[in-house]
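I have placed the structure first, in the form of structure tokens, so that the comments after it can refer back to it.
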There are 2 protein chains.
Amino acid sequence: MRPLFHPPIEDITVEGILHALSDPVRVAIFTDLTASDDAHNCSTFLNVTEKKIPKSTLSHHFKALREAGLIRAERRGVEMHNTSRCSEIDRRFPGLIAAIISAHKVQMESTQGAGKKRAARKGKPVAVNR
Amino acid sequence: MRPLFHPPIEDITVEGILHALSDPVRVAIFTDLTASDDAHNCSTFLNVTEKKIPKSTLSHHFKALREAGLIRAERRGVEMHNTSRCSEIDRRFPGLIAAIISAHKVQMESTQGAGKKRAARKGKPVAVNR
DNA sequence: TTCAATAGTTCGTATTTGTTGTACTACAGT
DNA sequence: ACTGTAGTACAACAAATACGAACTATTGAA
């Protein structure tokens, strides 16, 4: 059991961060990890969204977050100890994470308030006028 | 020739923005459009990166930016008039665009300074330790 | 008005990336 | 050693992306 790979802070790219956080499940996970200081294991997030996410898919998402440099993961017995690397990242890209999380919050509020399900990125095109 | 589709500001999602800007070519284009107030046509960007980008690919990138709500595009004769929707977006998601562009700038400086080509998101994994 | 040139788009196909069920590995407690 | 739990690897299929070739709209000249 090799230790898991984590990119050094200077190898973390903006593109990588944006891509990782352009998935609704992954922002949800990351936002949660960043908000609460203590670590979470993967299974905590089996229901981050409305519908149940398969275990293997979740595992894939965690790997994506880790390889983008957004989270740090280490084995703790049988579970996984996941923590946000936000403070590190904030030192390299000041304000980036905060802005994304804040924007995400704005969006969630406007979505629930309007009572209409906002189309996630993956959803059908809103109105493909072509 | 229908007018092009542009999502209304309240339909723009954070996920959509992040996804659109998680591509090196697209951030380059968007950053450029946002920096200079006057509009650009597509062909201006045939060489945004080191290597030449095919016309059809560029067209696809502009469509992606437009559908994510990041730019506004209108026909002006035979060309395309592209402008950044950043001020609109900034009203809905304050600071988001600024933070992304600023982070991008930080990254570009650190990359050129180090004299090493930073791997773009699409590139091979830096060191897949598994 | 017809022709050629220019700027973009569409389409088809090849490649890449993402999703998820099933089978597996590692660890803890019995 | 055996069982349950947490997570990973693999493989098959689905979806998104890249890009060359063919096409469309518009302009300006002949």
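Both backbone and side-chain heavy atoms feed into the values below; hydrogens, waters and symmetry mates do not. Letters A, B, ... are given to chains in the order of the sequence lines, protein chains preceding strands, and every chain is numbered from 1.
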Rounded to the Å, how far apart are [X] [atom1] and [N] [atom2]?
X: Lys63(B); N: dT17(D); atom1: NZ; atom2: P; answer: 11 Å
X: Asn82(A); N: dG7(D); atom1: CG; atom2: C1'; answer: 11 Å
X: Leu58(A); N: dG18(C); atom1: CG; atom2: P; answer: 16 Å
X: Asp23(A); N: dG18(C); atom1: CG; atom2: P; answer: 9 Å
X: Ile29(A); N: dG7(D); atom1: CD1; atom2: C1'; answer: 13 Å
X: Glu67(A); N: dG18(C); atom1: CD; atom2: C1'; answer: 14 Å
X: Phe5(B); N: dT9(C); atom1: CZ; atom2: P; answer: 16 Å
X: His61(B); N: dA16(D); atom1: NE2; atom2: P; answer: 16 Å

Contacts of His40(A) meeting ring-ring contact (aromatic ring centres under 6.0 Å, His included) (sequence neighbours excluded), chain-then-number -> Phe45(A)
Test side chain to side chain contact (heavy atoms under 4.5 Å, CB included) applied to [X] - qualifying residues, sequence neighbours left out:
X: His6(A); answer: Leu4(A), Arg66(A), Arg72(A), Ala73(A), Arg85(A)
X: Lys55(B); answer: Leu46(B)
X: Pro94(A); answer: none

Could you tell me whether the phosphate oxygens of [N], OP1 or OP2, come under 4.0 Å of any side-chain nitrogen or oxygen in [X]?
X: His60(B); N: dC19(D); result: no
X: Ser56(B); N: dG20(D); result: no
X: His19(B); N: dT17(D); result: yes

Q. Distance only, no hydrogens: is a donor on one side chain within 3.5 Å (strictly under) of an acceptor on the other, for Asp90(B) and Ser87(B)?
A. no
Subject >> Heavy-atom donor-acceptor pair, Ser59(A) side-chain to dG7(D) base, under 3.5 Å >> reply: no
Nearest-nucleotide check on DNA chain C, His40(B) vs Arg26(A); residue mapping nearer the 5' end is His40(B)
- [ ] Classify the nucleic acid contact of His81(B) as base, sugar-phosphate or nothing, counting any heavy atom under 4.0 Å across all strands shown.
- [x] nothing
Protein N or O to nucleotides 4-6 of chain D N or O, pairs below 3.5 Å:
from	atom 1	to	atom 2	distance (Å)
dA6(D)	O4'	Val78(A)	O	3.3

Residues 70-107 of chain A vs ring-ring contact (aromatic ring centres under 6.0 Å, His included), sequence neighbours excluded, gives none
Worked check of side chain to side chain contact (heavy atoms under 4.5 Å, CB included) between Ile17(B) and Ile89(B)
CA-CA 10 Å; Ile17(B) 292 176; Ile89(B) 297 170; 3.9 Å; yes
